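Down below is the structure, laid out as structure tokens.
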2 protein chains.
Amino acid sequence: MQLIESIMAIEHKTRTQLVAEVLREKILTGEFKSGSPLRQAALAEELNVSRIPVREALLQLEAEGLVNFEAHKGATVTEVSASQVDEIFDLRALLEAELLRHSLEKLTEDDFQSAEVLLQELEAAMAAGDTQAATGHLNSAFHGKLYSRAERPQTRELVEQFSKNSERYVRMHILLAGGLNTAPEEHRELLKLCRAKQVDAACDYLIRHITGAKEDIKKLLIKMEEQSA
Amino acid sequence: MQLIESIMAIEHKTRTQLVAEVLREKILTGEFKSGSPLRQAALAEELNVSRIPVREALLQLEAEGLVNFEAHKGATVTEVSASQVDEIFDLRALLEAELLRHSLEKLTEDDFQSAEVLLQELEAAMAAGDTQAATGHLNSAFHGKLYSRAERPQTRELVEQFSKNSERYVRMHILLAGGLNTAPEEHRELLKLCRAKQVDAACDYLIRHITGAKEDIKKLLIKMEEQSA
DNA sequence: TAGCGTCCATCTGTATACTGTATAAAAGAT
DNA sequence: ATCTTTTATACAGTATACAGATGGACGCTA
């Protein structure tokens with residue numbers, strides 16, 4: 001019902017795209033838990049569409065790494081092990097440092113100011129206890145601003161992919177570990193280094209920033225794996 | 001061992017997978033040229049399937065970066081500009097060096113020997129003028145062997161993705177520029193550095209190896225862009 | 001002739017219906 | 001009682017059919 005209305009409102013989007021958005025959100029928020037099966041017929045009925053757009057949406061989500069699609073067996077929400085998180089965050093560190101390196105020289109004072117605005121909004125959102133979508137979005141907007149002059153569209157897409165994919169763990173982390181309280185200071189420090197155009201120092205700091213988050217989340221995941229075992 | 005696995009894998013391939021393989025090959029060999037439209041109905045009829053598996057195969061290929069899929073407008077073979085090739089090869093250099101770094105210490109003499117065998121086969125294939133699928137496959141098999149102990153599955157998948165995507169340009173390069181004649185020597189040198197466990201030197205050399213190929217292919221692409229303009 | 005709207009051909013997007021596979025439950029054999 | 005083999009069922013894969021979007025040809029107006 002709601003879906004039909006939103007189709008009316010946003011007519012240029014295909015049903016497949018809409019279904020993909022809904023499912024993506026449900027996976028990222030944890031409403032669909034890791035490992036749980038995604039039945040095409042059930043989803044189709046719930047969203048008032050046929051199975052075709054559901055299938056195509058699931059294929060898209062598989063490409064994004066959020067879903068596993070096994071022939072004749074169906075789709076499940078991807079389960080991510082601690083070692084996989086390890087690798088993903090290492091990749092992020094590597095790629096984001098590369099982006100920053102290519103972007104930093106070209107960043108203008110305007111860029112830094114909008115980054116600062118984003119940072120303030122981020123802190124406000126965190127202070128308001130807004131642990132939901134907003135903080136994750138603002139966080140990647142801040143980072144994205146720093147990379148915005150890199151002129152490396154494919155690398156950015158890759159990084160955004162990985163960020164999205166790890167977002168659900170970041171959220172979990174914030175929720176359960178009450179964590180990332182050091183993040184605001186780290187962001188400010190990073191911004192300061194960028195403003196000073198200290199390329200190597202900024203990249204190193206960024207790598208440590210990402211690696212630090214990795215370690216926190218890994219601990220959390222290992223704890224959870226032990227509990228479920 | 002492999003034989004047993006391949007027997008065990010009496011995998012029932014879906015039509016979607018078969019279609020994807022066919023189309024992928026036709027794109028990589030250049031039978032479908034950059035920018036050309038991929039009509040669902042035509043492909044379906046040609047392959048004796050309905051449009052559904054064709055659509056799903058096209059979606060998969062879009063995720064692999066070989067196809068652009070625009071709503072209501074249809075799919076086209078992706079056109080890759082010189083600047084995109086630039087970025088892709090930079091990414092490859094970055095990621096492959098990372099893989100080699102993680103793999104190198106754990107590589108055994110057995111690994112080096114099979115790498116050497118692959119290298120000989122590669123040279124034989126090139127000497128036989130086999131500019132088709134075989135050389136590309138052997139080339140990535142050789143590189144893959146060097147990364148095989150990295151225990152970084154997602155990074156490897158990414159690299160393989162990029163390799164596949166740039167394969168058609170590599171082939172083009174070999175065909176038109178008569179090129180990559182320096183590659184055999186470079187491969188031998190790389191293998192020597194790996195055997196000597198000179199991590200930094202090997203990684204640096206690998207980066208130069210990839211960057212060198214990039215420059216050659218870029219020149220070729222720029223020339224082609226000028227011709228078509 | 002240039003510009004605009006309408007209509008039509010063509011293609012994509014999606015629903016419905018059918019086919020085939022995997023798996024769990026039931027029946028049979030050892 | 002355990003292990004096969006069979007059967008049933010639920011689900012995914014695919015074909016067919018229909019609905020909707022796009023872009024261009026055509027004629028109309030100024």
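All figures in this text were calculated on a predicted structure; none of them were measured in a lab. In what follows, chains carry the letters A, B, and so on, assigned in the order in which the sequence lines appear, proteins first and then strands, with residues in each chain numbered from 1.
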If you only use heavy atoms from C-beta on, which nucleotide in C:dA15, C:dT12, D:dG13 is closest to the side chain of A:Ile52? C:dA15
Using whole Å, report how far NZ of B:Lys13 lies from C1' of C:dA22. 19 Å
Specify the closest pair of heavy atoms between A:Ser34 and A:Thr78, including all atoms of both residues, with the distance to one decimal. OG-O, 3.4 Å
Can you tell me how far apart CD (B:Glu160) and CG (B:Leu95) are? Round to the nearest 0.5 Å. 12.5 Å
Between D:dG23, C:dC18, C:dG13, which one does the side chain of B:Ala71 approach most closely? C:dG13
To the nearest 0.5 Å, atom OG of A:Ser50 lies from atom CD of A:Gln40 at 10.5 Å
d(CG, B:Leu43; P, C:dT10) in whole Å: 18 Å
Out of C:dA22, D:dA15, D:dT22, minimum distance to the side chain of B:Lys73 belongs to D:dT22
Using atom CD of A:Glu45 as one end and atom P of C:dA15 as the other, report the distance to the nearest whole Å. 13 Å
Within this structure, what is the CD-to-C1' distance between A:Glu56 and C:dT12, rounded to whole angstrom? 10 Å
When rounded to whole Å, the NE2 to P distance for the pair B:His12 and C:dT23 reads 14 Å
Distance check: side-chain N/O of B:Thr16 vs OP1/OP2 of D:dT14, anything under 4.0 Å? yes
So what does B:Arg51 touch, heavy atoms closer than 4.0 Å: a base, only the sugar-phosphate, or nothing? base
Side chain of B:Ser50 (C-beta onward), nearest among D:dA12, D:dG23, D:dT16: D:dT16
When we call it a touch if two heavy atoms are under 4.0 Å apart, what does A:Arg55 touch: a base, just sugar-phosphate, or nothing? base
Atom of B:Ser114, atom of B:Lys145 and distance for their closest heavy-atom approach: OG-CE, 3.5 Å
May I ask you to verify if any side-chain N or O of A:His72 is less than 4.0 angstrom from the OP1 or OP2 atom of D:dG13? no
Does B:Tyr169 offer a backbone N or O that forms a donor-acceptor pair with the side chain of B:Ser166 under 3.5 Å? no
DNA chain C nearest-nucleotide lookup for B:Ala41 and A:Pro53: closer to the 5′ end is B:Ala41
Please report the distance, rounded to the nearest Å, between CZ in A:Arg39 and P in C:dA22. 15 Å
Using atom CG of B:Leu47 as one end and atom P of D:dA15 as the other, report the distance to the nearest whole Å. 11 Å
Gap between atoms CD and P, on A:Gln17 and C:dT12 respectively (whole Å): 16 Å
Using a 4.0 Å heavy-atom cut-off across all strands, classify B:Leu58 as base, sugar-phosphate, or nothing. nothing
Proximity to the side chain of A:Gln40 - top-ranked nucleotide from C:dT14, D:dA12, D:dT14: D:dA12
State which of C:dT14, D:dT14, D:dA15 makes the closest approach to the side chain of B:Val49. D:dA15
